[in-house]
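Quick note: residue numbers are just sequence positions, from 1. We use all heavy atoms of the structure for the numbers below, so side chains are in, but hydrogens, waters and symmetry mates are not. Every number for a ligand or one of its atoms is a count from 1 in the order of the listing.
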Amino acid sequence: MNVLGLIFSIGAVTFSCAIPTILKDKCKHPTKVEHAELDWSKGDWNKQAYSQGVLAYYICRPGYMRLGTIRKICSEGEWVRISNGSCKRKRCNNPGEIDFGTFELINEEDFLFGAIVEYSCQPGYQMISKHKRIECTVFGWSKEPPECEARLCPPVVDDSVRILSTVLDEEYTHGQVINLQCKNPNDKLNGPSQIYCTTNGTWNIEPPTCKDYSEEGGMAVKQSHGDKLIPITVELPQVEQKEQKLTETKCAPPPLILFAELIGERKWMYDSGSVIQYQCLMYYKVKGNQQIKCQDGVWDLPPTCLRPCVLNYYYMKGNNTTVENGRSKFLEHDEVVHFKCLPTFEISKPGQLNAKCLDGTLQYPKCVKIKQKRTEKKCSPPPFILFGELMGEKKWMYDSGSVIQYQCLMYYKLKGNQQIKCQDGVWDLPPTCLRPCVFNYNYMKGNNTTVENVRSKFVEHDDAVHFKCLPTFEISKPGQLNAKCLDGTLQYPKCVKITDEVTAQPSVGTETTVY
Ligand SMILES: *[C@@H]1O[C@H](CO)[C@@H](O)[C@H](O)[C@H]1NC(C)=O
Ligand SMILES: *[C@@H]1O[C@H](CO)[C@@H](O)[C@H](O)[C@H]1NC(C)=O
Ligand SMILES: *[C@@H]1O[C@H](CO)[C@@H](O)[C@H](O)[C@H]1NC(C)=O
Ligand SMILES: *[C@@H]1O[C@H](CO)[C@@H](O)[C@H](O)[C@H]1NC(C)=O
Ligand SMILES: *[C@@H]1O[C@H](CO)[C@@H](O)[C@H](O)[C@H]1NC(C)=O
Ligand SMILES: *[C@@H]1O[C@H](CO)[C@@H](O)[C@H](O)[C@H]1NC(C)=O
């Protein structure tokens with residue numbers, strides 16, 4: 001150790017002795033924040049101590065995103081949060097439905113970072129893509145969703161046979177029928193001349209090949225399997241000797257129907273009266289008659305196969321429902337599935353939790369959050385109204401449902417409801433009190449009128465008043481002598497001096513002059 005090194009180490013010792021006292025006001029390494037790391041671009045976090053007032057900045061771990069800032073301050077030896085940002089897991093979009101398939105979230109409730117979605121195909125379909133799972137990563141979904149396609153039967157590749165098919169395609173979907181013939185007229189097929197493609201992408205039987213039966217009856221010597229000749233024993237097909245008469249009473253091969261297979265072998269021609277039977281694929285439900293009959297060259301109406309429903313767990317979650325554990329994902333047509341609301345959710349009508357699969361479609365019920373039974377709000381004292389008062393005692397607070405009653409002052413007339421109710425903190429509209437009219441004798445005099453049978457100086461709203469003209473005065477139209485008090489206003493009629501001109505008028509006037 002050189003001198004400099006010695007001084008340095010002594011210095012270090014001195015320093016380390018001093019640390020405990022310094023640390024009393026200083027902070028140690030910044031404390032952890034969930035899903036976050038210290039931001040090294042904003043400081044050196046390898047120090048042993050941090051002074052009062054130092055800020056620590058945090059960033060989110062991969063797969064998490066920051067909502068708000070995350071900072072702490074060193075205060076009296078403790079790291080104290082000064083902002084309440086947090087790191088939330090990143091989300092991916094809904095990866096989407098695929099044709100002929102469905103998906104399910106495997107490990108998570110939602111499309112969060114790390115969530116795995118697994119796709120599956122409907123019966124009769126298979127996945128083309130190698131992967132059935134996709135994962136939500138920092139950059140979105142790890143892969144495109146897979147695709148489902150109908151299972152196909154392999155092409156028949158035997159050089160000795162000729163394929164007669166209505167389908168030009170090299171590949172065959174389920175239910176398709178092909179007819180086989182030997183290219184060499186001397187050869188015979190070692191199996192039926194008609195085969196069909198089944199739902200799981202295989203032919204109903206191994207496609208037959210052609211053999212030459214000319215030598216050693218019963219012993220086939222040629223079979224075209226690659227370039228090897230394998231002698232095998234086969235049964236000679238029963239060749240119909242009788243010439244088949246093509247009469248109108250025979251039926252052509254029965255119609256192919258979607259999602260169904262024919263039970264038994266398919267033939268070229270069916271005698272009148274023949275009965276054949278269809279079978280729907282697994283989970284598909286037959287509608288109509290499974291058996292149909294050939295009658296005078298015409299087949300009965302074939303049945304149809306109604307599609308099953310595939311439970312969509314994502315829809316269920318979105319609608320806040322679930323089904324019982326371990327339930328099959330598939331439902332046959334007409335089958336009822338009983339949904340349950342997720343905990344703390346409820347359905348408006350209980351019966352709506354049952355849904356029926358109808359030819360591949362299923363209506364998912366919706367559940368909503370159970371509402372907290374809220375206590376209804378109380379009302380503050382009822383509103384003050386002009387010219388009216390509250391009957392009974394006035395309180396500081398009224399319970400919801402309380403009813404109070406107003407009363408108008410004397411001569412004032414109530415309009416609206418006399419009683420009002422407190423409903424969840426709000427009072428009904430209060431009534432109003434309409435003003436009475438006060439007779440103005442000056443006006444009457446000025447307008448040359450007087451009033452009949454008056455008992456008081458006041459007339460209530462809506463009450464009628466009958467005026468009279470003062471003697472030797474008259475009104476132009478008699479009806480105008482009636483007036484009505486309307487919320488404090490009264491129209492006084494006017495009477496005018498009876499003039500000679502008026503008395504001189506015909507009818508009434510003439511008679512007067514005769515006297
Ligand atoms: C914490 O969050 C609330 C809102 O959730 C906000 O009003 C408040 O200002 C935040 N406090 C700090 C220190 O950021
Ligand atoms: C095809 O399906 C039938 C039933 O429909 C089954 O017996 C057979 O084993 C299946 N074949 C394959 C290769 O899966
Ligand atoms: C609820 O179910 C329906 C089908 O009945 C579906 O179309 C809808 O997307 C679901 N809602 C959510 C939020 O997933
Ligand atoms: C499911 O519940 C959530 C949370 O209460 C709500 O936002 C959503 O609208 C509900 N879904 C349906 C389809 O009502
Ligand atoms: C007549 O009556 C009206 C009210 O209808 C009043 O305004 C008017 O002053 C009266 N006329 C006189 C001369 O008093
Ligand atoms: C009432 O009668 C007097 C006397 O005839 C007349 O001057 C006055 O105009 C009359 N008042 C009204 C409002 O017509």
Side-chain angles (χ1 to χ4, degrees), residues 88 91-106 108-112 115 117-119 122 136 141 145 307-323 327 329-331 333-374 439-451 465 467-483 489-504:
K88 287 274 180 307
R91 292 177 63 90
C92 287
N93 295 328
N94 181 341
E97 290 294 312
I98 55 170
D99 290 338
F100 316 116
T102 183
F103 67 76
E104 202 176 332
L105 273 158
I106 293 292
E108 292 290 342
E109 294 277 274
D110 213 339
F111 306 122
L112 295 172
V117 158
E118 186 174 295
Y119 283 88
Q122 279 175 19
C136 177
W141 291 106
R307 283 166 298 179
C309 295
V310 191
L311 284 179
N312 184 317
Y313 286 85
Y314 181 67
Y315 281 178
M316 285 196 269
K317 192 176 173 258
N319 284 301
N320 303 313
T321 56
T322 182
V323 285
R327 202 200 178 286
K329 263 206 283 202
F330 302 109
L331 270 108
H333 166 80
D334 236 13
E335 193 178 334
V336 171
V337 57
H338 181 72
F339 289 93
K340 288 189 290 190
C341 290
L342 291 177
T344 77
F345 287 86
E346 64 178 357
I347 193 130
S348 40
K349 292 181 199 155
Q352 291 175 335
L353 278 170
N354 294 323
K356 208 182 224 182
C357 169
L358 293 173
D359 195 14
T361 50
L362 188 67
Q363 277 299 327
Y364 293 83
K366 290 185 203 327
C367 291
V368 289
K369 200 91 190 160
I370 294 173
K371 281 205 193 82
Q372 296 283 336
K373 284 243 166 57
R374 198 167 52 85
F439 285 125
N440 186 320
Y441 288 93
N442 281 335
Y443 281 1
M444 283 193 261
K445 207 174 163 199
N447 283 299
N448 304 312
T449 57
T450 182
V451 69
V465 182
F467 290 94
K468 273 194 315 189
C469 290
L470 290 175
T472 76
F473 288 85
E474 64 173 1
I475 195 126
S476 41
K477 289 178 199 158
Q480 289 177 334
L481 282 170
N482 293 321
T489 50
L490 186 63
Q491 279 299 328
Y492 293 85
K494 291 180 183 39
C495 289
V496 290
K497 197 89 190 160
I498 299 172
T499 59
D500 291 343
E501 211 182 316
V502 174
T503 38

Tyr119 and ring pair (Phe, Tyr, Trp, His ring centres under 6.0 Å): which partner among Phe100, Phe103, Tyr313? Phe103
Does the His333 side chain pair with the main chain of Arg307, one donor and one acceptor, at a distance under 3.5 Å? no
Is any side-chain heavy atom of Phe339 closer than 4.5 Å to a side-chain heavy atom of Leu311? yes
Can you say whether the rings of Trp141 and Phe111 are parallel (under 30°), tilted (30 to 60°) or perpendicular (over 60°)? perpendicular
Do any N or O atoms from the side chain of Thr449 and from the backbone of Lys494 form a donor-acceptor pair under 3.5 angstrom? no
Measure from every N or O atom of ligand 3 to the protein's N or O atoms and keep only the pairs below 3.5 Å, writing each with atom names and distance to 0.1 Å.
{"unit_1": "ligand 3", "atom_1": "2 (O)", "unit_2": "Asn319", "atom_2": "ND2", "d": "2.2"}
{"unit_1": "ligand 3", "atom_1": "5 (O)", "unit_2": "Tyr364", "atom_2": "N", "d": "3.1"}
{"unit_1": "ligand 3", "atom_1": "11 (N)", "unit_2": "Asn319", "atom_2": "ND2", "d": "3.3"}

Has Asn93 got a side-chain atom pairing as donor or acceptor with Pro95's backbone, closer than 3.5 angstrom? no
